[in-house]
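This report concerns only the one structure given below.
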Amino acid sequence: MPGSVLVIGGGGREHAIVRQLARSPLQPTVFAAPGNPGTAMLARNVALDPSDTQGILRFCQNEGIELVIVGPEEPLIAGLADHLRHGGINVFGPGAMGARLEGDKEFAKEVLHAAGVPTPHYQAFSSSETALDHLDTMDLPVVVKACGAAQGKGVAVCSTRDEAEAFIRECLDEQRFGSSGLRILIEECISGPELSVLVVTDGQDYCLLAPSRDHKRIGEGDTGPNTGGMGAFAPVELPASLRAQIDTRVVLPILAELRRRDIPYRGVLYAGLMLTSHGPQVLEFNCRFGDPETQVVLPLLRGDLYDLCTATAAGALGDFLQQYPAGEGDPDGWPGAGVSEWGRRCVVVVGAADGYPGTCAGGRVIELPADRDGAWIVQAGTRDADGALVTAGGRVLGAVGLGADLGKARALAYELLAGTHFEGLTYRRDIAAKGD
Ligand code: GLY
């Protein structure tokens, strides 16, 4: 008897999740709340706001939903998963205590320190006066972060004192990020390539999905302001010694520290790493699938996503993992390597509206190319306007390519994007160009 699953959210990540669920041999009935026009082609969209916890619980009980997958961080931080679990629903996503790793960066730093996991030095401030005094004692560049969740926009890498002062004042005095920016971290700036590691865990067992690399800056050559992510690719090839360090120096101690604190965690713990010359350091945690990393990590799953999420939500991830032992050619030192495939590469290039990451005009008519073998469009900031597909956000869509190597995957994604049109479409031409 096929199950039923509700995906919370309506962006590119959620379209990617719905697309993967729709391919499950278990053929679950898929709902999305609120979804977008992309999910509507594969699932039933339900007009429920992700913050409407009572409405979501009622819907799950009325429809007999067996699994809820929560996409965005806000409802997790607000405790949606706890509320649904109390109502008897299986949820893929941590409760509020676990989601605090993303919702409170100062708390995340405390947990990292307690676990002995390398992370840049920092200090926290609530007053711009003391923050600016401290700034004068630091070498530049520095990183200034809003402590609360700010949709990827609450972080500034500042090369000059003026930039740092401006961002500190935006957070603490002008309250640009509301309550999320009323406390800030000022961090030392470390350098190296970034890596996104999605750890699926039920609190006991865990597996690491294919490592991916996001391109967070708006401009080519990694220039300009940070965004939610302008493109990504997976898997990133890593030397065996680095794989082992990620597992033993980062993932294992953090999961042990969560258990020590009695923080249950069933879902994805996303570790945003910087690979420095001294080893991996944790820049941040997210309590959910990355966006746009999900768009490139899920198509590489050998294991079935519905099965993986159901097992994780039920605390039975170990049983699931037994079905996917690592095979020949799979990387060693990467727990759960058998869950992903390693012989192909996947690339997503985000098509944004001009103005992003600032304010963007919506309502521009979108012409989409047809998906083709190994290349498809994931919708994000789109909406249906009387039968026409129009823009409704900064990151409008992603073109995904899946190929035998990075060059083929890139070519497929960029070809599809070349056939996509709306007024003001902008995208980076260098996604996955370096490939390491
Ligand atoms: N790609 C960054 C994030 O999901 O937060």
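Counting starts at 1 for both ligands and their atoms, following the listed order.
- Residue contact check: Asp214 has heavy atoms under 4.0 Å from atoms 1 (N), 2 (C) of ligand 1.
- The backbone N or O of Cys360 lies less than 3.5 Å from no partner atom in the side chain of Asp354, so there is not a single donor-acceptor pair.
- Interface of Asn286 with ligand 1, defined as ligand atoms under 4.0 Å from a residue heavy atom, comprises 5 (O).
- Applying the 4.0 Å criterion to heavy atoms of Glu293 picks out, from ligand 1, the atoms 1 (N), 2 (C), 4 (O).
- A salt bridge links Glu106 with Arg183: the distance from a Lys NZ or Arg NE/NH1/NH2 to an Asp or Glu carboxylate oxygen falls below 4.0 Å.
- Every residue two or more places apart in sequence or in another chain was checked for a ring pair (Phe, Tyr, Trp, His ring centres under 6.0 Å) with Tyr270, and none qualifies.
- Shortest contact from atom 4 (O) of ligand 1 to any protein heavy atom: Arg288 NH1, 2.8 Å.
- The shortest separation from a heavy atom of Phe289 to ligand 1 is not under 4.0 Å, leaving the residue out of contact.
- Remark: ligand 1 atoms within the under-4.0 Å shell around heavy atoms of Gly228 are 1 (N), 2 (C).
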Problem set entry | Worked check of salt bridge (charged side-chain N to carboxylate O under 4.0 Å, His left out) between Glu220 and Arg428 | CA-CA 6 Å; Glu220 279 156 28; Arg428 280 179 59 166; over 6 Å; no
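- For the pair Arg100 and Phe107, the cation-pi criterion (under 6.0 Å, within 45° of the ring axis) is fulfilled.
- Legend: residues meeting ring pair (Phe, Tyr, Trp, His ring centres under 6.0 Å) with Phe177, ordered by chain and number and at least two apart, are Phe167.
- When each atom of ligand 1 is checked for a heavy atom of Gly290 under 4.0 Å away, the hits are 4 (O).
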